[in-house]
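Keep in mind it's a predicted model, so treat the numbers as computed, not measured. Every number for a ligand or one of its atoms is a count from 1 in the order of the listing.
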Amino acid sequence: MRIVFLGPPGSGKGTQAARLVEKMRVPHLSTGDMLREAVARGTPEGKLAKPYMDSGDLVPDDIILAMVARRIAEPDCAAGCLLDGFPRTVPQAEALDAILAEKQMPLDAVLELRVSEPAVVARLAGRGRADDQPEVIRERLSAYRRQTEPLVEYYGRRGLLRSVEGEGGFDEVAARITAALAGAGSTSL
Ligand code: AMP
(Lines give C-alpha, C1' and ligand atoms only; values in the text may rest on other atoms or scores of the structure.)
Protein backbone atom coordinates (compact mmCIF):
# COMPACT_ATOMS: atom_id res chain seq x y z
CA MET A 1 0.00 0.00 0.00
CA ARG A 2 1.50 3.31 -1.09
CA ILE A 3 -0.18 6.48 0.07
CA VAL A 4 0.64 10.16 -0.32
CA PHE A 5 -0.57 12.39 2.48
CA LEU A 6 -1.32 16.00 1.46
CA GLY A 7 -2.27 18.87 3.71
CA PRO A 8 -1.10 22.32 4.74
CA PRO A 9 1.38 22.74 7.59
CA GLY A 10 -0.61 22.62 10.81
CA SER A 11 -3.36 20.42 9.37
CA GLY A 12 -2.56 17.60 11.80
CA LYS A 13 -1.10 15.62 8.90
CA GLY A 14 2.01 14.44 10.78
CA THR A 15 0.03 13.13 13.76
CA GLN A 16 -2.53 11.36 11.60
CA ALA A 17 0.25 9.93 9.42
CA ALA A 18 1.95 8.51 12.53
CA ARG A 19 -1.25 6.70 13.46
CA LEU A 20 -1.81 5.42 9.95
CA VAL A 21 1.65 3.88 9.58
CA GLU A 22 1.14 1.96 12.84
CA LYS A 23 -2.07 0.59 11.44
CA MET A 24 -0.72 -0.14 7.95
CA ARG A 25 2.66 -1.38 9.19
CA VAL A 26 4.58 0.51 6.53
CA PRO A 27 7.44 3.02 6.89
CA HIS A 28 6.59 6.67 7.46
CA LEU A 29 8.56 8.75 4.95
CA SER A 30 8.39 12.34 6.13
CA THR A 31 10.68 14.59 4.09
CA GLY A 32 10.36 17.28 6.80
CA ASP A 33 11.66 14.79 9.42
CA MET A 34 14.44 13.60 7.10
CA LEU A 35 15.51 17.20 6.47
CA ARG A 36 15.43 18.13 10.17
CA GLU A 37 17.58 15.09 10.90
CA ALA A 38 20.02 16.04 8.12
CA VAL A 39 20.22 19.58 9.55
CA ALA A 40 20.79 18.25 13.07
CA ARG A 41 23.56 15.94 11.84
CA GLY A 42 25.12 18.72 9.77
CA THR A 43 25.22 16.68 6.53
CA PRO A 44 25.85 18.49 3.20
CA GLU A 45 22.14 18.11 2.31
CA GLY A 46 21.18 19.51 5.70
CA LYS A 47 23.47 22.51 5.23
CA LEU A 48 21.95 23.23 1.82
CA ALA A 49 18.39 22.81 3.07
CA LYS A 50 18.56 24.83 6.29
CA PRO A 51 18.22 28.38 4.90
CA TYR A 52 15.14 27.41 2.89
CA MET A 53 13.54 25.72 5.90
CA ASP A 54 14.33 28.67 8.16
CA SER A 55 12.54 31.06 5.83
CA GLY A 56 9.55 28.77 5.15
CA ASP A 57 10.45 28.19 1.49
CA LEU A 58 10.57 24.82 -0.19
CA VAL A 59 13.96 23.13 -0.42
CA PRO A 60 15.06 22.69 -4.09
CA ASP A 61 13.62 19.62 -5.82
CA ASP A 62 17.00 18.04 -6.63
CA ILE A 63 17.90 17.72 -2.94
CA ILE A 64 14.49 16.32 -2.03
CA LEU A 65 14.34 13.90 -4.95
CA ALA A 66 17.77 12.43 -4.24
CA MET A 67 16.77 11.92 -0.60
CA VAL A 68 13.43 10.29 -1.42
CA ALA A 69 14.76 8.08 -4.22
CA ARG A 70 17.42 6.75 -1.85
CA ARG A 71 14.90 6.06 0.91
CA ILE A 72 12.27 4.40 -1.32
CA ALA A 73 14.94 2.02 -2.64
CA GLU A 74 15.51 0.60 0.86
CA PRO A 75 14.09 -2.89 1.40
CA ASP A 76 11.57 -1.89 4.08
CA CYS A 77 9.71 0.18 1.48
CA ALA A 78 9.15 -2.76 -0.87
CA ALA A 79 5.71 -3.57 0.55
CA GLY A 80 4.62 0.05 0.72
CA CYS A 81 5.11 3.35 2.48
CA LEU A 82 3.33 6.47 3.54
CA LEU A 83 4.71 9.65 2.01
CA ASP A 84 4.17 12.64 4.28
CA GLY A 85 5.18 16.10 3.04
CA PHE A 86 6.26 14.78 -0.35
CA PRO A 87 5.53 15.46 -3.17
CA ARG A 88 5.09 19.19 -2.62
CA THR A 89 5.35 20.43 -6.21
CA VAL A 90 4.11 19.19 -9.57
CA PRO A 91 7.70 18.41 -10.72
CA GLN A 92 8.17 16.35 -7.51
CA ALA A 93 4.93 14.47 -8.27
CA GLU A 94 6.09 13.77 -11.82
CA ALA A 95 9.46 12.56 -10.53
CA LEU A 96 7.71 10.32 -7.99
CA ASP A 97 5.58 8.84 -10.79
CA ALA A 98 8.78 8.02 -12.69
CA ILE A 99 10.50 6.48 -9.63
CA LEU A 100 7.47 4.32 -8.83
CA ALA A 101 6.83 3.34 -12.46
CA GLU A 102 10.38 2.09 -12.76
CA LYS A 103 9.87 -0.08 -9.69
CA GLN A 104 6.37 -1.07 -10.82
CA MET A 105 5.00 0.23 -7.56
CA PRO A 106 1.89 2.28 -8.25
CA LEU A 107 0.36 4.73 -5.78
CA ASP A 108 -2.85 3.45 -4.21
CA ALA A 109 -4.30 6.70 -2.94
CA VAL A 110 -3.60 10.34 -2.20
CA LEU A 111 -5.22 11.57 0.95
CA GLU A 112 -5.82 15.30 1.31
CA LEU A 113 -6.54 16.78 4.75
CA ARG A 114 -8.56 19.96 4.29
CA VAL A 115 -8.25 22.55 7.06
CA SER A 116 -9.25 26.23 7.00
CA GLU A 117 -6.50 28.85 7.21
CA PRO A 118 -7.50 30.24 10.67
CA ALA A 119 -7.46 26.71 12.13
CA VAL A 120 -4.02 26.03 10.65
CA VAL A 121 -2.55 29.31 11.94
CA ALA A 122 -3.93 28.62 15.43
CA ARG A 123 -2.42 25.12 15.50
CA LEU A 124 0.98 26.21 14.22
CA ALA A 125 1.17 29.09 16.69
CA GLY A 126 0.77 26.61 19.57
CA ARG A 127 3.38 24.11 18.35
CA GLY A 128 6.63 25.93 19.12
CA ARG A 129 8.85 24.51 16.34
CA ALA A 130 11.70 26.74 15.07
CA ASP A 131 9.90 27.42 11.78
CA ASP A 132 6.60 28.22 13.53
CA GLN A 133 7.27 31.99 13.82
CA PRO A 134 4.39 34.13 12.42
CA GLU A 135 6.27 35.33 9.33
CA VAL A 136 7.64 31.89 8.55
CA ILE A 137 4.15 30.40 9.04
CA ARG A 138 2.75 32.86 6.49
CA GLU A 139 5.46 31.93 4.00
CA ARG A 140 4.92 28.20 4.51
CA LEU A 141 1.18 28.56 3.98
CA SER A 142 1.72 30.64 0.89
CA ALA A 143 4.22 28.06 -0.45
CA TYR A 144 1.57 25.39 0.16
CA ARG A 145 -1.13 27.28 -1.73
CA ARG A 146 1.15 28.24 -4.60
CA GLN A 147 3.19 25.09 -5.07
CA THR A 148 1.45 22.16 -3.36
CA GLU A 149 -2.28 22.77 -3.83
CA PRO A 150 -2.00 22.19 -7.61
CA LEU A 151 -1.35 18.54 -6.69
CA VAL A 152 -5.00 18.23 -5.64
CA GLU A 153 -5.96 18.65 -9.26
CA TYR A 154 -2.99 16.58 -10.47
CA TYR A 155 -4.03 13.54 -8.45
CA GLY A 156 -7.74 14.26 -8.88
CA ARG A 157 -7.31 13.81 -12.64
CA ARG A 158 -5.67 10.43 -12.01
CA GLY A 159 -8.58 9.29 -9.83
CA LEU A 160 -6.34 8.88 -6.78
CA LEU A 161 -7.53 11.78 -4.61
CA ARG A 162 -9.50 11.26 -1.41
CA SER A 163 -10.22 14.48 0.48
CA VAL A 164 -11.04 14.49 4.16
CA GLU A 165 -12.24 17.30 6.45
CA GLY A 166 -9.30 17.78 8.84
CA GLU A 167 -11.00 19.90 11.51
CA GLY A 168 -12.27 18.17 14.61
CA GLY A 169 -10.85 15.88 17.29
CA PHE A 170 -8.04 13.41 16.57
CA ASP A 171 -10.30 10.31 16.71
CA GLU A 172 -12.95 11.92 14.58
CA VAL A 173 -10.47 12.82 11.84
CA ALA A 174 -8.79 9.40 12.12
CA ALA A 175 -12.16 7.71 11.52
CA ARG A 176 -12.76 9.88 8.44
CA ILE A 177 -9.33 8.91 7.08
CA THR A 178 -10.00 5.20 7.64
CA ALA A 179 -13.33 5.51 5.84
CA ALA A 180 -11.79 7.47 2.96
CA LEU A 181 -9.09 4.85 2.44
CA ALA A 182 -11.43 1.85 2.65
CA GLY A 183 -10.91 -0.21 -0.47
CA ALA A 184 -7.63 1.48 -1.48
CA GLY A 185 -4.84 -0.98 -2.29
CA SER A 186 -4.78 -4.53 -1.05
CA THR A 187 -4.27 -3.99 2.67
CA SER A 188 -7.45 -3.66 4.65
CA LEU A 189 -7.48 -0.75 7.07
P1 AMP B 1 7.29 19.80 7.07
O2 AMP B 1 7.77 19.16 8.32
O3 AMP B 1 6.74 18.81 6.08
O4 AMP B 1 6.33 20.94 7.30
O5 AMP B 1 8.57 20.44 6.34
C6 AMP B 1 9.34 21.45 6.97
C7 AMP B 1 10.14 22.20 5.92
O8 AMP B 1 11.01 21.30 5.21
C9 AMP B 1 9.30 22.86 4.82
O10 AMP B 1 8.85 24.15 5.20
C11 AMP B 1 10.29 22.91 3.67
O12 AMP B 1 11.23 23.95 3.85
C13 AMP B 1 11.05 21.61 3.83
N14 AMP B 1 10.43 20.49 3.06
C15 AMP B 1 9.86 19.35 3.58
N16 AMP B 1 9.43 18.54 2.60
C17 AMP B 1 9.72 19.17 1.43
C18 AMP B 1 9.51 18.85 0.05
N19 AMP B 1 8.90 17.71 -0.32
N20 AMP B 1 9.95 19.74 -0.87
C21 AMP B 1 10.56 20.88 -0.51
N22 AMP B 1 10.79 21.25 0.75
C23 AMP B 1 10.37 20.40 1.73
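For atom 16 (N) of ligand 1, the closest non-hydrogen atom on the protein side is T31 OG1, 2.8 Å. Among protein heavy atoms, atom 12 (O) of ligand 1 sits closest to D57 O, 2.7 Å. Closest to atom 6 (C) of ligand 1, if we only count protein heavy atoms, is R36 NH1, 3.5 Å. Scanning the protein for heavy atoms near atom 19 (N) of ligand 1, the closest one is G85 O, 2.9 Å. R140 NE, 3.7 Å is the protein heavy atom nearest to atom 10 (O) of ligand 1.
Between D171 and R176, none of the side-chain N atoms (NZ, or NE/NH1/NH2) sits under 4.0 Å from a carboxylate O, so this pair counts as no salt bridge. Contact check on R158 versus D97 returns a salt bridge, with a Lys/Arg side-chain nitrogen under 4.0 Å from an Asp/Glu carboxylate oxygen. A salt bridge links R71 with E74: at least one charged nitrogen is closer than 4.0 Å to a carboxylate oxygen. Between E117 and R145 there is a salt bridge, with a side-chain nitrogen of the basic residue lying less than 4.0 Å from a carboxylate oxygen of the acidic one. Between R88 and D61 there is no salt bridge, since no side-chain nitrogen of the basic residue lies less than 4.0 Å from a carboxylate oxygen of the acidic one. Between K47 and E45 no salt bridge is recorded (no basic side-chain N to carboxylate O distance below 4.0 Å).
The contact set between ligand 1 and V59, taken as ligand atoms under 4.0 Å from a residue heavy atom, comprises 12 (O), 13 (C), 21 (C), 22 (N). Annotation for ligand 1: atoms under 4.0 Å from non-hydrogen atoms of L35 are 8 (O), 13 (C), 14 (N), 15 (C), 23 (C). Interface atoms of ligand 1 facing F86, defined by a heavy-atom separation under 4.0 Å, are 19 (N).
Nearest to atom 4 (O) of ligand 1 by heavy-atom distance, out of R88, E139, Q147, M34, is R88. Of the listed options M53, Q92, M67, Q92 places a heavy atom closest to atom 20 (N) of ligand 1. Of the candidates I64, D132, V136, L124, the one placing a heavy atom closest to atom 23 (C) of ligand 1 is I64.
Put simply, L83 and V26 are part of two different groups of oily side chains (I, L, V, M, F, W, Y) that touch within less than 4.5 Å, one to the next.
In terms of polar-atom proximity, P87 is not counted as a contact of ligand 1, lacking any N or O under 3.5 Å from an N or O of the ligand.
Under the salt bridge (Lys or Arg N to Asp or Glu O under 4.0 Å) rule, R140 has a single partner from D57, D132, D54, which is D132.
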